[in-house]
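A quick write-up on the structure given underneath.
Quantities reported herein were computed from a predicted structural model and do not represent experimental measurements.
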Amino acid sequence: MAYLWIRQVWFDAYLRWNKDDYDGLDTIRIPSSYVWRPDIVLYNNADDQFTGSMETNVVIRYDGQIMWDSPAITKSSCKVDVSFFPFDGQQCRLTFGSWTYNGNQIDILNHLDTGDLTDFVENVEWEVLGMPAKKNVITYGCCSEPYPDVTYTLMLKRRASFYIFNLLLPCVMISFLAPLGFYLPADSGEKVSLGVTVLLALTVFQLLVAESMPPSENVPLIGKYYIATMTMITASTALTIFIMNIHHCGPEAKPVPKWAKKYILQYMSRIFFVYEVGESCRRPKPEADKPPKVQVVNGQAKQEDPTAILKNCQEGDLKGSAVKEDLDWGKDSAATNGHSTWREPGKAGISSDQCGGGKDHGCGECPKIQCLCHNERLLKNIEYMANCFREQKAAHKRTGEWKKVAKVMDRFFMWVFFIMVFFMSVLIMGKAI
């Protein structure tokens, strides 16, 4: 809808007079209905009530020139392209011409090359860049005569500040929350909830955008940004579910593959600064904090052969018998010499290695070890407890490796989605410059 002042000027040979005969009267003003008027109408009028200009007076000069200034409220059809909404520009054409007279009867000329925008009232949503005028001569299919018209092209540019602060910036800030879902600890239980909440928020903003623009087959720029962001958040939520499944792998899970240990646990963990407790980026984990080494075969702790354990115990028995005989010999020698002789372990008779490390470790432990080795049932129970402990350590190690893999993947996807959101935001903001 436009509020216009339409000025039409034409010459009527029947309305001339000599101003000297009328005391110098050169102009008169009479109602426009008293004179002949050209039937100039707006071709692309879209008003329900097709009305012309207001019935105002006309100014008639003594030489037959008639000037008719009439205000008009027009509603015209305009092809709208919202491909770059809210940074779009529109061109609306206002075509004026005679409805019944052809070019051989009335010739239409534009007095100025552009519309007069001196008294233009600024609009809060649109900025007028110009209004050039152009004369066209068209021959329609119904008639052979030419029909001239004058077309004014109203060049508009949308003021995007309202849409930037109310639709675009909230979407950008919400989009940056999506990658932070990967930074949440997997045990918090809020990773998937955050992604779903962000997705619902963007859906609400998408509905607001759809209500604020006319229906069109072209998808607007901000709509493409919303769709891309919603797709990204959907993908991040799906990846979060996949990573949480990896994080919660139990003791029955398979061991981490070799390629994952090499590329994820070694290289990617250093790149994304993912370290275990007690481990820093400058030095490896201390040896004192490391758990005891457990031999793992096919994901299970390696069991030792009971025969080898029993053999070691038998060898210990033989050493113990030799130590006992040496002690008896030492007592006999002392009795023969008529006095008692005490020897330090390691110097004569009994060595500290044979006894098991001297008094502190106790020579009295040797008979106890001999008894434990001969008790086969007790040995099997101890062996079962040791194997269970090794199995528990191996399962704990596998679970810790899978948790670290999940944490590394979280950091990797967090930075990937941060970069994607940043570049999409820069592209959408670049259209506003």
Exercise for review: Decide yes or no for Ile66 and Val59: does some side-chain heavy atom of the first lie under 4.5 Å from some side-chain heavy atom of the second?
Suggested key: no
Check your understanding: Can you list the residues that meet the side chain to side chain contact (heavy atoms under 4.5 Å, CB included) rule with Leu112, with sequence neighbours excluded?
Key -> none
Review point. By ring-ring contact (aromatic ring centres under 6.0 Å, His included), which residues pair with Phe417, not counting sequence neighbours?
Key: Phe182
Tell me which donor-acceptor pairs under 3.5 Å the side chains of residues 200-207 have, and how far apart each pair is, sequence neighbours excluded?
from	atom 1	to	atom 2	distance (Å)
Thr203	OG1	Leu199	O	2.8

Check your understanding: Stepwise, does the side chain to side chain contact (heavy atoms under 4.5 Å, CB included) test hold for Tyr226 with Leu167?
Key -> CA-CA 10 Å; Tyr226 277 6; Leu167 294 178; 3.9 Å; yes
Practice item. Answer yes or no: is there a side-chain heavy-atom contact under 4.5 Å between Thr229 and Met424? Key: yes
Check your understanding: For residues 141-170, which residue pairs qualify under ring pair (Phe, Tyr, Trp, His ring centres under 6.0 Å), counting only residues two or more places apart or in two chains?
Key -> Phe85-Tyr163, Tyr140-Tyr147
Review point. Under the side chain to side chain donor-acceptor pair (under 3.5 Å) criterion, do Tyr43 and Thr151 qualify, and how do the steps go?
Key: CA-CA 10 Å; Tyr43 282 175; Thr151 301; over 6 Å; no
Review point. Disulfide bond (SG atoms under 2.5 Å apart): which pairs involve residues 60-90, sequence neighbours left out?
Key: Cys78-Cys92
Study note, to complete from the structure: With Ile30 as partner, the option from Asn57, Val58, Leu15 fulfilling side chain to side chain contact (heavy atoms under 4.5 Å, CB included) is Val58
Review point. Between Trp402 and Lys404, is any pair of side-chain heavy atoms under 4.5 Å apart?
Key: no
Exercise for review: Start with the C-alpha gap between Gln90 and Asp88, add the side-chain angles, then the distance that decides, and say whether side chain to side chain donor-acceptor pair (under 3.5 Å) holds.
Suggested key: CA-CA 7 Å; Gln90 306 296 335; Asp88 57 332; 2.8 Å; yes
Revision key, fill the gap. For Pro146 and Thr139 the tightest heavy-atom approach is CA-OG1, 4.0 Å
Review point. Between Ala406 and Ile243, which heavy-atom pair has the shortest distance, and what is it?
Key: O-CG2, 3.5 Å
Review point. Backbone N or O of Ile233 within a donor-acceptor pair of the Ser236 side chain at under 3.5 Å?
Key: yes
Practice item. Check whether any side-chain N or O of Asn44 sits under 3.5 Å from a backbone N or O of Arg93 as a donor-acceptor pair, and report yes or no. Key: yes
Review point. Tell me, do Ile28 and Trp17 make a side-chain contact under 4.5 Å, heavy atoms counted?
Key: yes
Study note, to complete from the structure: Output for pair (Lys191 NZ, Leu239 CG), nearest 0.5 Å, gives 10.5 Å
Check your understanding: Sequence neighbours excluded, which residues qualify as disulfide bond (SG atoms under 2.5 Å apart) partners of Cys388?
Key -> none
Exercise for review: Over all heavy atoms of both residues, which pair between Gly103 and Pro148 is shortest? Give the atoms and the distance, please.
Suggested key: CA-CD, 3.4 Å
Study note, to complete from the structure: Value for NZ (Lys75) from CG (Asn45), rounded to nearest 0.5 Å, stands at 9.5 Å
Point to revise | Electrostatic pair Lys19-Asp63, nearest N-O below 4.0 angstrom | key: no
**Study point:** Polar side-chain atom of Ser77 near backbone of Ala46 as donor-acceptor pair, under 3.5 Å
**Key:** no
Check your understanding: Are the side chains of Thr74 and Ser76 in touch, meaning some heavy atoms are under 4.5 Å apart?
Key -> no
Review point. Is the OH atom of Tyr384 crowded by more than 12 outside heavy atoms at less than 6.0 Å?
Key: no
**Study point:** Side-chain heavy-atom pair Ile60, Val35 within 4.5 angstrom cut-off
**Key:** yes
Point to revise | Greater than 12 external heavy atoms within 6.0 Å of Trp99's CH2 | key: no
Point to revise | CD/Glu145: more than 12 non-hydrogen atoms of other groups inside 6.0 Å | key: yes
Check your understanding: Where is the tightest heavy-atom contact between Ser98 and Asp39, given as atom of each residue plus distance?
Key -> OG-OD1, 2.7 Å
Review point. Under the 3.5 angstrom rule, does the side chain of Arg159 hit a backbone N or O of Asn123 as a donor-acceptor pair?
Key: yes
Practice item. Start with the C-alpha gap between Gln8 and Ile40, add the side-chain angles, then the distance that decides, and say whether side chain to side chain contact (heavy atoms under 4.5 Å, CB included) holds. Key: CA-CA 9 Å; Gln8 303 179 46; Ile40 304 298; 3.5 Å; yes
Review point. Above 12 or not: heavy atoms from other molecules or residues under 6.0 Å from CG of Asp113?
Key: no
Point to revise | Approximate separation, where rounding is to 0.5 Å, of Thr95 OG1 and Ile138 CD1 | key: 7.5 Å
Exercise for review: Applying side chain to side chain contact (heavy atoms under 4.5 Å, CB included), run through Leu221 and Phe87 and close with a yes or a no.
Suggested key: CA-CA 8 Å; Leu221 185 64; Phe87 309 110; 4.1 Å; yes
Point to revise | 4.5 Å side-chain heavy-atom contact, Ser425 and Phe176 | key: yes
Practice item. With Leu42 as reference, evaluate Leu94, Ile6, Leu4 under the side chain to side chain contact (heavy atoms under 4.5 Å, CB included) test and give the passing residue. Key: Leu94
Review point. How many angstroms lie between CH2 in Trp126 and CE in Met155, if you round to the nearest 0.5 Å?
Key: 13.0 Å
**Study point:** Distance in Å, Ile227 CD1 paired with Met232 CE, rounded so as to fall on 0.5 Å steps
**Key:** 14.0 Å
Review point. Under the side chain to side chain donor-acceptor pair (under 3.5 Å) criterion, do Ser32 and Glu55 qualify, and how do the steps go?
Key: CA-CA 6 Å; Ser32 59; Glu55 296 291 336; 3.2 Å; yes
Point to revise | Six-ring centre of Trp68, Arg37 cation under 6.0 angstrom, axis tolerance 45° | key: yes
Exercise for review: Might you work through the side chain to side chain contact (heavy atoms under 4.5 Å, CB included) test for Leu154 and Val128, ending with a clear yes or no?
Suggested key: CA-CA 7 Å; Leu154 188 61; Val128 178; 3.9 Å; yes
Revision key, fill the gap. Heavy-atom nearest pair, Leu180 first then Leu194, reads C-CD2, 4.4 Å
Study note, to complete from the structure: When every non-hydrogen atom of Thr237 is compared with those of Gly195, the smallest separation belongs to OG1-CA, 3.7 Å
Practice item. First locate atom NZ of Lys135, then atom CD1 of Ile108, and finally report the distance between them rounded to the nearest 0.5 Å. Key: 8.0 Å
Point to revise | Minimum side-chain heavy-atom gap Val80-Val82 below 4.5 Å | key: yes
Exercise for review: Indicate yes or no for a side-chain donor-acceptor contact from Asn102 to the backbone of Gln105 under 3.5 Å, with no hydrogens or angles considered.
Suggested key: yes
